[in-house]
Amino acid sequence: MPERYDPAPVESKWQGLWEREKAFRAEPVSRDGGSPDMPDGAKAYVLEMLPYPSGEIHMGHVKNYTMGDVIAHQRRRSGARVFHPMGYDAFGLPAENAAIRTGEPPATVTRRNIARIRTQMKRLGFALDWDTELSTAEPDYYRWTQWLFLRMFEAGLAERRQAAVNWCPVDQTVLANEQVVDGHCERCGALVELRQLTQWFLRITDYAERLLDDMAGLVDWPERVLAMQRNWIGRSEGARVVFRTEDGAHEIPVFTTRPDTLFGATFFLLAPEHPLVAELVAGRPEAEAVTEYVRRAVQTSLADRSDAEKPKTGVDTGRRVVNPVNGEELPIWVADYVLMDYGTGAIMAVPGHDERDFAFATAFGLPIRRVIAPEGTAPDEPLEEAYSGPGRLVNSDFIDGLEVDEAKPAMAAWLQERDLGEATVGYRLRDWLISRQRYWGAPIPVIHCPDCGVVPVPDADLPVLLPDVDDYAPKGQSPLAASEAFVNVDCPVCGTAARRETDTMDTFVDSSWYFLRYTAPALTTAAFEREVVDYWLPVDQYIGGVEHAVLHLLYARFFTKVLHDLGLVGFVEPFARLFTQGMIYRDGAKMSKSKGNVVAPDEIVDRYGADTLRLYVLFMGPAADDIEWSDQGVEGQRRFLDRLWRLVAGQEAGPLAARPTLEQLADDPVALELVRKAEATVQKATVDITERFSFHTAIAAIQELVNLGTRGVSAGELGGAAGAQALRYASQTAVSLLFPFAPHVASELWEALGGGSLHRETWPQADPAFLVRDVVTVVVQVNGKLRDRLEVAPGTPDAEVVALA
RNA sequence: GCCGGAGUGGCGGAACGGUAGACGCGGGGGACUUAAACUCCCCGGCCCCUCGGGGCGUCCGGGUUCGAAUCCCGGCUCCGGCACCA
C-alpha cells in the first residue's frame, strides 16, 4: 500500500465496487408482475428526510445523510435486513421561480439538479439503495399522489370550501397555516394577507385527537418535537354554551374554557367575519358604524390583527343575547380580537377573569363582575385586574362555594341537562389548505362541471399531467389556467363541456407518503402494496431537521392515519423513532448563500476526501445540537486518518490477526493495555451509536485507541511478538469500527490488513475477559459514618481492606 | 404568560452517582530539518507552593449521599415552540 493516504483513488475504487455489486440493494420491494416473498428476521428501515433539489446539497444534508448512513451500516453489520433509500422532493417554488427568470421549464431545471445531487451523494459514498430512488415531480409518482387525493375526496377528507385564508402577495398563492410564521410567508418573508377564497382543504382537524394521543407510547421522538406538535395542535378542554338573541331568532354558540365563570359574563363579542353580524344590524342605526368597523378589520393584515399589545377596539351592535344561566341580557359588540376560525367566532366576555375582556371592558366602560374569590377575599371586593387564579365561586347562584376545578364540570353538566351546551374540546389546529395557485406541483385531479359540480377525475385517467405552458409567472390564479387544452374537458359523468381544476397541490402532500412509495418505486398498478409496506414500515429510524416538526412530520402522521383508516396500510404511525439534527453554523449564523458563509461539500471532498468530511460532520459535536463549522476542525479529522493510515502502513503484510490471549499478553503490560482498550472501544462505540446517538464520542473512542497504538509504536514498546500482534489486532479493531463513518478508507485499510470486503463483515464482538477491571472500589465506613474509598484488587480479603483503611 | 430544552477550560465538547475536563481545535515547549512545512513527544481549569504537594473549581443558593457536573428544592440566564386561541 502507498505510504501516504490519498483519498481520491481509494474512494473511487470502493464506490465503484459497491455500485457494481449493488451492495446496498434492499429486498423485498414491489415490482410489476408478481409479489415478493416476505423474509424472516430483523429488518431496519433507516430513512433521512429527502432533499429538495435546489442547486446542490449543503452541509446540513451531508450531516443528515452521514448519520443515516452510519445507522444503516451499523444495523446491517448487526445482522438486520436494511432498507436505506433516497429520493427528491422535487415539486416546489424554487425551480418554478428559476423557470420564471430563465424561461427554462421547471422539469428540466429539476432533473438537472437531481442529476447533480445524485453525483454529489455518490461521491460521499452513502450506502443507499439506488434502485429505489424516486422523484416526486415525475408523473409515475404524482399519479399516485393524485390517486391518494381522490381516496381522501371519496372519504370526505378532501373538501372545497370558502374560508378566510392566508394569501402571500409575493408568491401569489395561498398558504397553509403551518407555512405562516409570525404573520409572514415562510418562504419569502412577505406579510401575509387574509382573503376570503374557495380552496381545497384536507380535514386534518378530524385527526387532532389521534395525532395527540398517538404521540404517547407509539413514537420515540425528541421531547421538544413532541412539545411543538402538542403546542401546534393546541388542545383545550372547555364547554360549548348556546346563547340566544334577545328576540329569540338566533342561536349563537360560544366555546369557552371557563364555563365556571358564566355568571361573570357582562357582554358578548362576535368576530368581524361572523356570518350573523350583517343580519343582526340590518336596518338598525348601528348598521353603518358596524359595517365600517368590519370592513377595516377584515383588511387588517394577519400580523397586525394578532398583535396582543394593540389597544382593544370594537363597536356596539345595539343587539343583545340572553345569558342561559340567569336570563340576563348582554350587549353584543363586534371586536377584532375575536377570531373567526377558533372556536365558534363568538365569545362570552368575562372581564373579571380574562385579561383581554378586562381591557375591553375598561376601554368601553362595560361592567366588570367578580365571580371567583381567592382565599381571604370578600365576594364583592372590586377587581383591579382580571383574576385567573384559584378560588371559590361567588355571585354564581348554584355553583357558589365550589372550587374552580369543581365548578367547571358542574356547570357543564348543568348546561347539558338543559340542552344549553355541553363539555367539549377545542383545538388550535386548522384544516390543511393544500391548493396552490402555482405551476410546479401535482394538479388537483378534479373537474368542475356546470351540471354535476365537482367531479373527481376517474382513476383510469390518472395522471392528470402538468400541461406545457409558456409563462410560469403567478398572476393570482394558477398558470395552468392559461392552457386551453388542459382546462377544457368533457365532464366524465355527463359529458357536458367542463373545466379542470387549475390549482396544484402543496408540495407537502407529495412528501407525506414518499416513504411508502420507496417500497414500490416503479410499480404501475398501485401506489404501493400493503404486504410490503407493512413489512418495512414504520420507519425504524427517521432523521432530519427540526424545522419540519409541525410541517412535514405532522402531515405525514396525518396521512398515515388516513391510509390506515382506508385499509391501505396496517400501521398508524410512520416514524417509530425520530432524530432531529442540529444546524451547522459558521461565523455565528446559519450557512446561507446570502450571508456568504457557505462551505461547499464538494470543495471539502476535493481537498480532504469524503471520509474526512463524513467524519468531521459527526465529530463536530452532539449531532442534535447546533454547532459552529471549523475549517481547522476538518483538518484535525484528516490528520487522524493520516495517522491511522501510517499506523497500518507500518505493519507487515499478512493475514488478519487473531485476538491475543491473556496468557500471550501476560508478560507485556503495554500490549495487554492496548488489547484491553480495543475491547472497551468496541463496546463503547457500539453503545454510543446504537443507543445514544452519540457519534462524536464513538469517534473519540476510536481515536483514543489509535493514539494508544501510535504512542506505543513511537515509544518502541510494542516490538515483541505479543506487542506486534496486539498492535495489529488493535488496528483491525479501529479500522473496523471506523467503517460506518469513513467507509472507503476503512475498506482500504482492512484489505491492507489482510481482510476481505468490509461491508460484508459483522460488527466486532468484545471479549468480556478483557473488560473485567483489575481494581474494585471499596467504600469504608467506620462507626456507620466515617468514610473512605479504596481501590483494591478483586477478591481482596476483608481483613486486608480493613488494614488498608 | 404557557410548553419544551440547556448552562462544564480560550473554543466544540467528555464524564449519565465514583480520579472533572476524554477526543479534537487553538496555544506553549521540545525532537527531526541548513531552515520551514510535515511528522513525533511533552505541557495546558484557577490560585498558592519550600516543587513534595496544598487550596478552590462544573450558572447561583440550599438539600440528599461516604461521595453530586450528574439526584431533589428554590432562583438566575440563554435557546426553541405556542400565544388577543376565549
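Every chain is numbered from 1, with letters handed out A, B, ... down the list of sequences.
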Where the side chain of [X] is concerned, which of [options] is the nearest nucleotide?
| X | options | value |
| --- | --- | --- |
| A/Q632 | B/G26, B/C40, B/C23 | B/G26 |
| A/R639 | B/C25, B/C40, B/G81 | B/C25 |
| A/W232 | B/C82, B/G26, B/G24 | B/C82 |
| A/F619 | B/G12, B/C41, B/C82 | B/G12 |
| A/R356 | B/A86, B/C23, B/G13 | B/A86 |
| A/R711 | B/A86, B/C42, B/G24 | B/C42 |

Length of the [atom1]-[atom2] vector between [X] and [N], whole Å:
| X | N | atom1 | atom2 | value |
| --- | --- | --- | --- | --- |
| A/R230 | B/G81 | CZ | P | 16 Å |
| A/E237 | B/C85 | CD | P | 18 Å |
| A/L738 | B/C23 | CG | C1' | 14 Å |
| A/D260 | B/A86 | CG | P | 13 Å |
| A/D336 | B/C85 | CG | P | 13 Å |
| A/Y337 | B/A83 | OH | C1' | 15 Å |
| A/M228 | B/G80 | CE | P | 10 Å |

Write down the distance separating the [atom1] atoms in [N] and [M], rounded off to the nearest Å.
| N | M | atom1 | value |
| --- | --- | --- | --- |
| B/C56 | B/G9 | C1' | 15 Å |
| B/A15 | B/G24 | P | 15 Å |
| B/C38 | B/U19 | P | 37 Å |
| B/C23 | B/G57 | P | 26 Å |

Please name the nucleotide paired to [N] by Watson-Crick or G-U wobble geometry with both distances under 3.5 Å, or report none.
| N | result |
| --- | --- |
| B/C32 | none |
| B/A69 | none |
| B/A37 | none |
| B/U77 | B/A6 |
| B/C51 | none |

salt_bridge([X], [Y]) N-O dist < 4.0 Å:
| X | Y | answer |
| --- | --- | --- |
| A/R577 | A/D220 | yes |
| A/E273 | A/R305 | yes |
| A/D631 | A/R586 | yes |

Are the side chain of A/N597 and the backbone N or O of A/S592 linked by a donor-acceptor pair below 3.5 Å?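 Between the backbone of A/S592 and the side chain of A/N597 there is a qualifying donor-acceptor contact (under 3.5 Å).
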Filtered N/O pairs between nucleotides 14-17 of chain B and protein, under 3.5 Å:
{"unit_1": "B/A14", "atom_1": "OP1", "unit_2": "A/H696", "atom_2": "NE2", "d": "2.6"}
{"unit_1": "B/A15", "atom_1": "OP1", "unit_2": "A/R692", "atom_2": "NH1", "d": "3.4"}
{"unit_1": "B/A15", "atom_1": "OP1", "unit_2": "A/R692", "atom_2": "NH2", "d": "2.5"}
{"unit_1": "B/C16", "atom_1": "N3", "unit_2": "A/R692", "atom_2": "NH1", "d": "3.3"}
{"unit_1": "B/C16", "atom_1": "N4", "unit_2": "A/R692", "atom_2": "NH1", "d": "2.8"}

May I ask you to decide if the ring planes of A/F693 and A/F695 are parallel, tilted or perpendicular, using 30° and 60° as cut-offs?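 Answer is perpendicular, since the angle exceeds 60°.
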Would you call the rings of A/W432 and A/F558 parallel, tilted or perpendicular if under 30° counts as parallel and over 60° as perpendicular?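 Aromatic pair A/W432/A/F558 classed perpendicular.
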Going by atom types only, do A/E3 and A/W645 share a side-chain donor-acceptor pair under 3.5 Å? no
Students often get this wrong, so: under 4.0 angstrom with heavy atoms, is A/I347 touching a base, only sugar-phosphate, or nothing? base
Give one of base, sugar-phosphate or nothing for A/R430, where a contact means two heavy atoms less than 4.0 Å apart.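 It contacts base atoms.
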For the residue pair A/F267 and A/F360, is the inter-centroid distance of their aromatic rings smaller than 6.0 Å?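 Yes, the ring of A/F267 comes within the 6.0 Å limit of the ring of A/F360, centre to centre.
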Do A/L727 and A/Q651 have side-chain heavy atoms sitting under 4.5 Å apart?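 Yes, at least one pair of side-chain atoms sits under 4.5 Å.
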